Amino acid sequence: MRVFSVTQTFPKWCPLPRGGYSITKRTQICFPRQLLIFRAKSAESQVDELQNFRMVPSAVLTSEKEEAKAFLTLFLKNQGLSSSVAARTINKSDHFIDHLVSRLHSVHKTWYLVGRELTTLEIRDALTPYLESLLEEHGNILVDVVENFPNPPRKGRKVTQVALANPTLDTKKIKAMARVSEVGPSGQLPPHILYLIELGMDVGQIKAMTRKFPAFAYYSLEGKIKPIVEFLLDLGIPQSGIPTILHKRPQLCGISLSENIIPTMSCLEKLGLDKKQWAKVIHRFPALLTYSRQKVKGSVDYMHELGLSAESIGKILTRCPHIISYSVDEKLRPTAEYFRAMGVDVAVLFHRSPQTFGLSIDANLKPVTEFFLERGFTIEEVGAMISRYGALYTFSLTENLILKWNFFLTMDYPKSELVKFPQYFGYSLEERIKPRYAQVRESGVKLVLNQVLSISVSEFEKLMKRKIKKLTDSKQVPVDIEYPDDAGSDMERQLKL
């Protein structure tokens, strides 16, 4: 059971057995200094958010807000909130939803400039670290922070908190967090904390990291933390990237370099991972180095089983290292069978879009397949579409596919164009599809869907000029007409007149 209750110290989200919620009581509490800073930071960001919103069409904004609401709901439920409590929180959090969408625009600003819309997975990948950081900073008052954004709950205001689930575990976390900020006889923080501060972390971040992984507070500087940091720096990771990596995976410091990390890296390099890309791979997914070689080998063996070459596997591991985190039997194999039944070359799909294999069959794959079947596509055509565009299944059904399908019905194209070019669903409806199709329709030229959307702005303009000129020239070509002799004479007289 997860219980709402009162606590005066160290707010946390802690799961209790058997799930569920019950409300007990409310009280007044004091808030940490970070909440006072939170107000200022949030207020400053509102100007940028307004600027970001002006760049994006309203239809895209609506779609992204729905995606953000759905993911925030899922995130809150994963913390133990019931569906009703999560839904009630969402209904009170319009400003926070706008804030989340603005973060997407800031992170992926260049994509919006070229009319590219984010997929559901890309949105979730962008928002997950931010929501996790808020959870770590504000703990069990996160709901109130979200509902009152951009203003933190007022001091003395009654807030709802989640009870501590495991007193023994909580005591360990409290002691670990206290150790992080403990001042020694010399009047200074512990050496490993000072070292992390020099790297660019602050005490608040270190505490959040310790809350997630209490053992980190007891790691020695010379024996554990410094060796892994220097190792990462030697790989080419900039110092500014170290705090992010440690924050994502503090367990790295507790793993032996010589017995675990280096042998695992050597194993992955032999499998084809580009060792020149280690800095990017680790920054993207530091957990990769914490998996056992047996786990890595199991995933790679399955890729070989699918028919992927060693070169392809190396590229997949370099581009999408988190594929190792997926269970072969519970995720990869069932997903492969699902696509194989549609006539898809699973090896090709895996190579082009490995992230698709992280989707839920029931929640993501089946609804999209049924959507296209209900609109007259055959299962073979749907299979061809996913083979050509693996990201197709990562888009929101209600906020992306349906909207773009409805507009496609107004375009002068047969359904076969979507089978040939399913990438249509990856372009912005307002920024790319509608304006370009309007140009094509007004000019009267004929272009296949691929030509309308896939080429750059400059290439599209050049193509349109060539097509329009060709169309105009064809209308101006003189046609020889033979007239009877007397008709010709009458024509000449009329011209002279």
Side-chain angles (χ1 to χ4, degrees), residues 7-15 29-42 45 72 75-76 78-81 96 99-100 103 125-146 149 152-153 159 161-166 169-183 189-219 221 224-225 228-229 232 239-254 283 285-287 290:
T7 180
Q8 297 291 339
T9 59
F10 303 105
K12 300 179 184 301
W13 291 86
C14 298
I29 65 171
C30 295
F31 294 90
R33 182 172 177 272
Q34 289 91 328
L35 285 180
L36 303 178
I37 300 172
F38 184 73
R39 180 196 298 268
K41 289 182 178 178
S42 301
S45 68
L72 180 57
F75 184 84
L76 293 175
N78 286 342
Q79 311 314 314
L81 270 70
F96 186 73
H99 174 62
L100 292 181
R103 289 187 67 86
D125 286 345
L127 296 182
T128 296
Y130 176 62
L131 291 177
E132 287 181 345
S133 68
L134 284 183
L135 175 61
E136 291 171 355
E137 180 179 356
H138 301 293
N140 59 348
I141 60 170
L142 175 66
V143 168
D144 292 274
V145 171
V146 168
F149 186 88
V159 297
Q161 295 188 310
V162 179
L164 302 176
N166 187 329
L169 178 61
D170 183 66
T171 299
K172 291 181 179 179
K173 288 187 176 183
I174 292 174
K175 289 181 178 179
M177 292 173 63
R179 183 181 176 86
V180 166
S181 55
E182 188 177 55
V183 177
L189 294 170
H192 64 301
I193 303 302
L194 292 175
Y195 178 75
L196 293 173
I197 291 174
E198 290 177 1
L199 289 174
M201 302 186 79
D202 58 46
V203 174
Q205 289 176 311
I206 301 170
K207 279 189 174 183
M209 192 165 59
T210 304
R211 182 187 293 118
K212 180 168 58 176
F213 188 66
F216 185 81
Y218 301 93
Y219 286 164
L221 174 61
K224 291 185 178 293
I225 297 176
I228 191 66
V229 169
L232 295 175
Q239 180 174 315
S240 59
I242 299 297
T244 300
I245 292 173
L246 295 183
H247 187 269
K248 285 182 179 179
R249 205 69 172 178
Q251 296 93 321
L252 270 176
C253 296
H283 191 273
F285 190 61
T290 65

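The shown structure was predicted, so the numbers you read here are calculated from the model rather than taken from an experiment.
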Check your understanding: With side chains defined as the heavy atoms from C-beta onward, is the minimum distance between Phe216 and Leu196 less than 4.5 Å?
Key -> yes
Exercise for review: Taking all heavy atoms of Met209 and all of Met201, pick out the closest pair and write down the distance.
Suggested key: CE-CE, 3.8 Å
**Study point:** Those residues that, when tested against Tyr218, pass side-chain contact (heavy atoms from CB on, under 4.5 Å) (two or more places apart)
**Key:** Lys175, Ala176, Arg179
Check your understanding: At what distance, to the nearest 0.5 angstrom, does CD1 of Ile228 lie from CG of Leu246?
Key -> 8.5 Å
**Study point:** Distance, nearest 0.5 Å, that separates OG1 of Thr210 from CD1 of Ile193
**Key:** 6.0 Å
Exercise for review: Write down the atom of Gly200, the atom of Pro243, and the distance for their closest heavy-atom approach.
Suggested key: C-CG, 4.3 Å
Practice item. Classify the angle between the aromatic ring planes of Phe96 and Phe149 as parallel (below 30°), tilted (30 to 60°) or perpendicular (above 60°). Key: perpendicular
Review point. With Thr290, which residues qualify under side chain to side chain donor-acceptor pair (under 3.5 Å), at least two apart?
Key: Arg249
Point to revise | Which atom of His247 lies closest to which atom of Gln205, heavy atoms considered | key: CD2-O, 4.3 Å
Check your understanding: Of the non-hydrogen atoms in Tyr219 and Cys253, which two are nearest, and what is the gap between them?
Key -> CD1-CB, 3.6 Å
Point to revise | Which atom of Pro286 lies closest to which atom of Ile245, heavy atoms considered | key: CB-CG2, 3.7 Å
Review point. Stepwise, does the side-chain contact (heavy atoms from CB on, under 4.5 Å) test hold for Leu142 with Phe75?
Key: CA-CA 11 Å; Leu142 175 66; Phe75 184 84; 4.1 Å; yes
Check your understanding: With sequence neighbours excluded, what pairs up with Leu194 under the side-chain contact (heavy atoms from CB on, under 4.5 Å) test?
Key -> Gln188, Leu189
